[in-house]
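Remarks on the structure that follows.
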Amino acid sequence: MKRLGVSPVFHEVNSFNDVFRLVKIGWVDAGLVNTYFGRKYAPDYGLKKTSILVRPALLNYAASAGGQAILDTIDRHLAAYKKDKQSVYYRLTDRWFSPLDATRHLPLWVKWVLIISVIVAVALAGIAMLLLPAMESEAKAGSPQ
């Protein structure tokens with residue numbers, strides 16, 4: 001943790017609810033719970049979630065001699081992404097490090113495909129029902145008695 005510039009003081013409690021209660025009353029600055037509990041109950045306590053990786057790895061980029069400009073560009077872009085909570089950095093972090101959301105819905109295009117398929121099926125069934133009497137009368141007229 002010191003390598004990342006963080007020096008936390010840990011307080012152990014009996015439950016995830018206790019963690020959230022202590023954060024809410026300000027006794028601690030932050031609390032660590034699993035992602036499933038956090039996603040479900042953070043709003044009940046008026047808390048905002050963030051992704052924290054336990055046992056993170058410090059990653060570095062390397063460039064060939066004379067490649068300092070590339071490293072500076074990467075650093076500049078990462079800093080900009082981290083400042084913008086709507087950036088691709090946070091979207092991908094949320095996508096890959098958060099549990100699946102039970103409230104996720106089908107993509108809009110899937111809904112439209114299903115709606116159009118149902119409409120086409122109903123229309124074809126309606127046309128078949130309209131043509132059925134004509135086909136029956138044609139069959140009767142054409143059959144020998």
Side-chain angles (χ1 to χ4, degrees), residues 1-140:
M1 295 287 268
K2 292 198 186 298
R3 198 170 67 160
L4 297 171
V6 178
S7 300
V9 175
F10 294 99
H11 300 277
E12 292 186 29
V13 295
N14 293 323
S15 70
F16 290 153
N17 283 311
D18 290 343
V19 172
F20 277 4
R21 271 193 287 274
L22 292 177
V23 174
K24 184 175 181 173
I25 65 172
W27 197 69
V28 296
D29 295 321
L32 184 64
V33 298
N34 71 40
T35 52
Y36 301 100
F37 183 88
R39 187 171 283 239
K40 184 170 184 179
Y41 295 106
D44 296 348
Y45 287 86
L47 304 175
K48 290 173 31 180
K49 77 170 189 68
T50 187
S51 296
I52 296 174
L53 301 177
V54 177
R55 302 195 53 99
L58 185 60
L59 301 177
N60 295 296
Y61 288 93
S64 61
Q68 188 60 43
I70 293 171
L71 296 175
D72 291 342
T73 301
I74 291 171
D75 288 342
R76 188 173 58 255
H77 285 288
L78 278 175
Y81 289 152
K82 287 182 176 183
K83 285 181 184 175
D84 178 10
K85 298 294 183 190
Q86 303 301 319
S87 72
V88 66
Y89 174 84
Y90 286 103
R91 286 195 312 268
L92 290 174
T93 299
D94 191 48
R95 176 180 175 190
W96 290 107
F97 296 110
S98 293
L100 292 177
D101 189 350
T103 61
R104 284 191 182 174
H105 302 287
L106 288 174
L108 187 58
W109 69 268
V110 173
K111 291 179 182 179
W112 278 109
V113 166
L114 290 173
I115 289 169
I116 290 171
S117 298
V118 168
I119 290 171
V120 168
V122 168
L124 289 174
I127 291 170
M129 291 178 74
L130 288 173
L131 294 176
L132 187 61
M135 290 172 49
E136 286 175 346
S137 65
E138 183 73 27
K140 285 181 185 177

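Just the heavy atoms: all of them, side chains too, but no hydrogens, waters or symmetry mates, feed the values below.
Residue Asn14 qualifies as open at atom CG: its count of foreign heavy atoms under 6.0 Å is 12 or below. Lys40 NZ: 12 or fewer foreign heavy atoms inside a 6.0 Å radius. Other residues, nucleotides and ligands contribute only 12 or fewer heavy atoms inside 6.0 Å of the CG atom of Asp29. More than 12 heavy atoms of other residues, nucleotides or ligands sit less than 6.0 Å from atom CZ of Phe16.
The main-chain N or O of Lys82 is found under 3.5 Å from a side-chain atom of Tyr90 such that the two form a donor-acceptor pair.
With contacts defined as side-chain heavy-atom distances shorter than 4.5 Å, the pair Ser117/Leu114 does not qualify. Side-chain contact between His11 and Trp27: present, with at least one pair of heavy atoms (C-beta onward) separated by less than 4.5 Å.
Legend: residues meeting side-chain contact (heavy atoms from CB on, under 4.5 Å) with Val23, ordered by chain and number and at least two apart, are Val28, Leu47. In terms of the side chain to side chain donor-acceptor pair (under 3.5 Å) criterion, residue partners of Tyr45 (sequence neighbours excluded) are, by chain and number, Asn17.
Summarising the geometry, atom OH belonging to Tyr81 is positioned 14.0 Å from atom NZ belonging to Lys83; distances are rounded to the nearest 0.5 Å. Taking CG of Asp75 as the start and NE2 of His77 as the end, the distance is 10.5 Å to the nearest 0.5 Å. Between the CG atom of Leu124 and the CD1 atom of Ile119 there is a distance of 12.0 Å, given to the nearest 0.5 Å. Rounding to the nearest 0.5 angstrom, the gap separating the CG atom in Leu132 from the CD1 atom in Ile127 is 13.5 Å.
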What donor-acceptor contacts under 3.5 angstrom involve side-chain atoms of residues 62-72, with partners at least two apart or in another chain?
{"from": "Gln68", "atom 1": "NE2", "to": "Asp72", "atom 2": "OD1", "distance (Å)": "2.9"}

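Taking each heavy atom of Arg91 and Gln86 in turn, the nearest pair found is NH1-O, 2.7 Å. Summarising the geometry of Phe20 relative to Gly38, their closest heavy-atom pair is CZ-CA, 3.8 Å, with the distance given to 0.1 Å.
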